[in-house]
S.K.: 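What follows is a structure written as structure tokens; I'll ask about it next.
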Amino acid sequence: MPELPEVETMKRDLSSMMVGRCFTGVTLHWPRAVQTPSPEEFCNRLQGLCIKEIDRRGKYLIFRLANGEALVLHFRMSGSLLLDSRNASDPYTRNTFHVDNGAGLYFRDPRKLGLIWLVPDENTVVGKLGPEPLDPAFTAADLGEWSKRYSAPIKAVLCDQRFLAGIGNMYADEALFAASLHPLRATNSLSADEVDRLYRAIRRVLEEAIGNYGASINDYSRPNGEPGTAQSMFKAAHRVGKPCPVCGTIIERIPIRQRGAYFCPNCQRNS
DNA sequence: CCCGGAACCTGAAGGC
DNA sequence: TGCCTTCAGGTTCCGG
């Protein structure tokens, strides 16, 4: 499930090979992924456009094009963007972007939940996202200010893209474990010390995961097909029934807002 | 504003 | 073995 570290890895891996290249066409096997414009217009307009730079905002991957427009992708649950031409015949390759060096960018997405936009202004897609957690301008004081506004469980708030951009289920669990905070803690009940712990935990967890090229939990892999290794560092996420690496207590999983929250009931007390 | 639930998807996993 | 149900989860939308 591509979250911030996985999309950041895609951005870095793809930038060296794709910046300066131009799209020669698109094959849409799953046109419903295209949000705007219409699939026909999407294919016509993208053809001939060249990539000026590749960026990331939250969990969105942004191709900034030389004509000022932006091709924006969101991978949701199962999407990935692959370079190897062998993916042309993969039944889960939903859409293919053909590039002027003869190569292709293969949008592989078994669950068909990923989304694609071609827009004159990328902010129509990503404009409502909260701050980037790794932006130097985002401080612990900012996190404290934001947190006062929410009474919902901290786990749910961390996953809310209007609060912070790019954190999903896995990294919210990891950050809360690293900060020794129970996922059900009311967000506005955090002390200044707890906010500071959480702030440092978020940044440490995300930076470490980027250093490990993201987590290959389900269908994600790097553009070259190699898996990321960040999942091997997980202490709580997706580890239900396994021992906490700190204290040995069995990791539990509870539903919060229809999603699984993994945590150590000993290290992350709800009080 | 807040919250819960459904919808979108399909492979995996569990029950009987 | 096999059919059927449920679950996973990011985002948006809808209703209370």
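In what follows, every heavy atom counts, from backbone to side chain, and hydrogens, waters and symmetry copies are set aside. As the structure is a computational prediction, the values presented were derived from the model and not from experiment. Chain letters run A, B, ... following the sequence lines, proteins first, then strands; residues in each count from 1.
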S.K.: How many Å lie between CZ on A:Arg111 and P on C:dG9, as a whole number?
M.R.: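 Computing the A:Arg111:CZ to C:dG9:P distance gives 9 Å.
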
S.K.: With the threshold set at 4.0 Å, does a side-chain nitrogen-carboxylate oxygen contact exist between A:Arg56 and A:Glu8?
M.R.: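 Here A:Arg56 pairs with A:Glu8 in a salt bridge, since their nearest N and O are under 4.0 Å apart.
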
S.K.: Going by the rule side-chain contact (heavy atoms from CB on, under 4.5 Å), which residues pair with A:Tyr213 if we only count those two or more places apart in sequence or in a different chain?
M.R.: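 side-chain contact (heavy atoms from CB on, under 4.5 Å) list for A:Tyr213, sorted by chain: A:Thr9, A:Arg222.
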
S.K.: One thing to verify: whether A:Lys148 and A:Glu145 come together as a salt bridge, which I'm taking to mean a side-chain N less than 4.0 angstrom from a carboxylate O.
M.R.: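 Yes, charged N to carboxylate O under 4.0 Å.
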
S.K.: From the 5' end of DNA chain B to its 3' end, which nucleotides mark the outer limits of contact with chain A, defined by a 4.0 Å heavy-atom distance cut-off (strictly under)?
M.R.: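 In short, chain A contacts DNA chain B from B:dC3 to B:dG11.
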
S.K.: Provide, to the nearest angstrom, the distance between the OH atom belonging to A:Tyr171 and the C1' atom belonging to C:dG10.
M.R.: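 Answer to the nearest Å: 15 Å.
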
S.K.: Could you tell me how far apart A:Met170 (CE) and C:dG9 (P) are, to the nearest whole angstrom?
M.R.: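 Distance check: A:Met170 CE to C:dG9 P gives 10 Å.
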
S.K.: With sequence neighbours left out, write down each residue that passes side-chain contact (heavy atoms from CB on, under 4.5 Å) with A:Met233, or none if nothing qualifies.
M.R.: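 Per chain and number, A:Met233 pairs via side-chain contact (heavy atoms from CB on, under 4.5 Å) with A:Glu208, A:Asn212.
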
S.K.: What integer distance in Å separates A:Glu3:CD from C:dG10:C1'?
M.R.: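 Rounded to whole Å, this separation is 9 Å.
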
S.K.: Remember a base hit wins even if backbone is also touched, and classify A:Met77 as base, sugar-phosphate or nothing at under 4.0 Å, heavy atoms.
M.R.: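 Touches a base.
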
S.K.: Using heavy-atom distances to pick each residue's nearest nucleotide on DNA chain B, tell me which of A:Arg149 and A:Tyr92 is more 5'.
M.R.: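 Result of the comparison: A:Arg149.
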
S.K.: Could you work out, with ring pair (Phe, Tyr, Trp, His ring centres under 6.0 Å) as the rule, every residue matching A:Phe234, not counting sequence neighbours?
M.R.: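 Applying ring pair (Phe, Tyr, Trp, His ring centres under 6.0 Å) to A:Phe234 gives A:Tyr171.
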
S.K.: Pull out every protein N or O sitting under 3.5 Å from an N or O of nucleotides 11-14 of chain C, one pair per line with the distance.
M.R.:
residue: C:dT11; atom: OP1; partner: A:His74; partner atom: NE2; Å: 2.5
residue: C:dT11; atom: OP2; partner: A:Lys59; partner atom: NZ; Å: 3.1
residue: C:dT11; atom: OP2; partner: A:Gln161; partner atom: NE2; Å: 3.4

S.K.: I need the CG-C1' distance between A:Asp219 and C:dA8, as an integer number of Å.
M.R.: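 A:Asp219 atom CG is separated from C:dA8 atom C1' by 11 Å.
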
S.K.: A:Leu115: which other cluster members, linking ILVMFWY side chains closer than 4.5 Å, directly or transitively?
M.R.: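 A:Tyr60, A:Ile62, A:Val72, A:Trp117, A:Val119, A:Val125, A:Val126, A:Leu129, listed by chain and number.
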
S.K.: Tell me: CD1 of A:Ile256 to P of C:dG9, nearest whole Å?
M.R.: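 Nearest whole value for this atom pair: 12 Å.
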
S.K.: Give one of base, sugar-phosphate or nothing for A:Arg162, where a contact means two heavy atoms less than 4.0 Å apart.
M.R.: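 Since no nucleic acid heavy atom lies under 4.0 Å of A:Arg162, the category is nothing.
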
S.K.: For A:Ala140 and A:Val195, work out which heavy atoms get closest and say how close.
M.R.: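 So the two residues come closest at O-CG1, 3.7 Å.
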
S.K.: Can we say A:Arg64 and A:Glu122 salt-bridge, meaning some charged N sits less than 4.0 Å from an Asp/Glu carboxylate O?
M.R.: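 So A:Arg64 pairs with A:Glu122 through a salt bridge.
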
S.K.: Verify salt bridge (charged side-chain N to carboxylate O under 4.0 Å, His left out) between A:Asp90 and A:Arg86, making sure each step is shown before the conclusion.
M.R.: CA-CA 7 Å; A:Asp90 186 312; A:Arg86 281 177 294 185; over 6 Å; no

